Amino acid sequence: MRSFSSVVLHPFLRSLMEGLKGWGVPESRIFFEAFGQSMKATLEKPPAVPTAAVETVTAEITFTKTSQTLTWNQNSGSILEFAEAHDLHPDYSCRQGICGTCMCKIQEGAVEYLQPPTAEIAAGSVLICISQPKTAKIVLEL
């Protein structure tokens, strides 16, 4: 049995588990489920990328509901993370491309997925939780 301290967990779940341990609940009596990447993928470190070889990639993302056009770069993470960093609050749930909650219409441009989505994606829509801009400009109904 693997100790939960060796597993990468969402901070909220980790704080609950630490709280239970603090109240004297033995770790062997604490159970949890985490949906998303496999444990192996979660525990592995991503390969190191030499910084000198990385070209800065940017894209303009227009969010139509707020009329904002912002510059995304590869350090901005997914479109969902980028939107949250700019005080937008799109719907989401799993952050893994499984549930489809973050789906929104794309009016212009294209995205690429960081991992294969498992949710069914409606025509003309994208899952922003696991995607990044593929074209220099994208326009989202968000």
Side-chain angles (χ1 to χ4, degrees), residues 1-23 25 27-142:
M1 179 166 153
R2 178 178 284 149
S3 164
F4 78 81
S5 59
S6 68
V7 178
V8 177
L9 296 174
H10 188 278
F12 176 72
L13 184 56
R14 178 163 300 285
S15 70
L16 288 175
M17 296 172 94
E18 292 295 341
L20 289 169
K21 281 181 62 178
W23 286 344
V25 177
E27 189 172 317
S28 63
R29 300 288 299 157
I30 300 173
F31 302 94
F32 66 93
E33 280 187 293
F35 299 93
Q37 295 178 327
S38 70
M39 294 299 279
K40 181 178 181 214
T42 303
L43 295 174
E44 291 176 351
K45 292 183 179 179
V49 177
T51 54
V54 176
E55 177 186 332
T56 302
V57 177
T58 62
E60 296 296 317
I61 301 179
T62 299
F63 299 99
T64 61
K65 290 185 181 177
T66 60
S67 301
Q68 293 183 65
T69 298
L70 304 167
T71 302
W72 174 94
N73 69 55
Q74 75 268 17
N75 296 322
S76 300
S78 70
I79 296 171
L80 173 60
E81 293 165 333
F82 178 72
E84 291 174 324
H86 289 87
D87 294 323
L88 297 173
H89 305 285
D91 291 336
Y92 71 89
S93 184
C94 72
R95 292 185 179 262
Q96 298 291 319
I98 298 168
C99 69
T101 303
C102 69
M103 188 181 319
C104 70
K105 295 278 186 190
I106 184 166
Q107 295 178 348
E108 182 180 331
V111 301
E112 60 185 356
Y113 288 102
L114 302 169
Q115 63 192 48
T118 56
E120 189 172 322
I121 305 169
S125 296
V126 297
L127 300 178
I128 61 171
C129 72
I130 57 167
S131 63
Q132 294 181 338
K134 184 175 183 176
T135 55
K137 179 178 181 175
I138 64 172
V139 178
L140 299 171
E141 284 184 20
L142 185 66

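Bear in mind the structure is a predicted one, so any value in this text is a computation, not a measurement.
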Could you check whether any side-chain heavy atom of Gln115 comes within less than 4.5 Å of a side-chain heavy atom of Gln96, counting everything from C-beta outward?
yes
Taking C-beta and beyond as the side chain, do Val126 and Tyr113 meet within less than 4.5 Å on heavy atoms?
yes
Mind listing the side-chain donor-acceptor pairs of residues 63-71 below 3.5 Å, one per line with the distance, residues two or more places apart or on another chain?
unit_1 : atom_1 : unit_2 : atom_2 : d
Thr64  : OG1    : Leu140 : O      : 3.2
Thr66  : OG1    : Gln68  : NE2    : 3.1
Thr69  : OG1    : Thr62  : OG1    : 2.9
Thr71  : OG1    : Glu60  : OE1    : 3.4
Thr71  : OG1    : Glu60  : OE2    : 2.7

Non-hydrogen side-chain atoms of Pro133 and Ile79 separated by less than 4.5 Å
yes
Tested for side chain to side chain contact (heavy atoms under 4.5 Å, CB included) against Ile106, the lone hit among Leu142, Ile128, Val111 is Val111
Pair Trp72-Gln132, side chain to side chain contact (heavy atoms under 4.5 Å, CB included): steps then yes or no:
CA-CA 9 Å; Trp72 174 94; Gln132 294 181 338; 3.5 Å; yes
Between Ile30 and Lys21, which heavy-atom pair has the shortest distance, and what is it?
CD1-CG, 3.8 Å
For atom OH of Tyr92, decide whether the heavy atoms of other residues, nucleotides or ligands shown that lie under 6.0 angstrom number more than 12.
no
List the residues meeting side chain to side chain contact (heavy atoms under 4.5 Å, CB included) with Ala110, not counting sequence neighbours, and say none if there are none.
Lys134, Thr135
Value rounded to 0.5 Å, distance of CE in Met103 from CG in Asp91
12.0 Å
With heavy-atom distances below 4.5 Å as the criterion, would you say the side chains of Ser125 and Ile121 are in contact?
yes
Using the test side chain to side chain contact (heavy atoms under 4.5 Å, CB included), find all partners of Glu120 that sit at least two apart in sequence or belong to another chain.
none
So, taking the atom named CD in Glu81 and the one named NE2 in His86, what distance separates them when rounded to the nearest 0.5 Å?
13.0 Å
My understanding is that only one of Cys102, Ser93, Cys99 makes a side chain to side chain contact (heavy atoms under 4.5 Å, CB included) with Cys129; could you say which?
Cys102
Backbone of Lys105 reached by a side-chain donor or acceptor of Glu141 within 3.5 Å
no
Could you grab the distance from atom CH2 of Trp23 to atom CD of Glu18, nearest 0.5 Å is fine?
13.0 Å
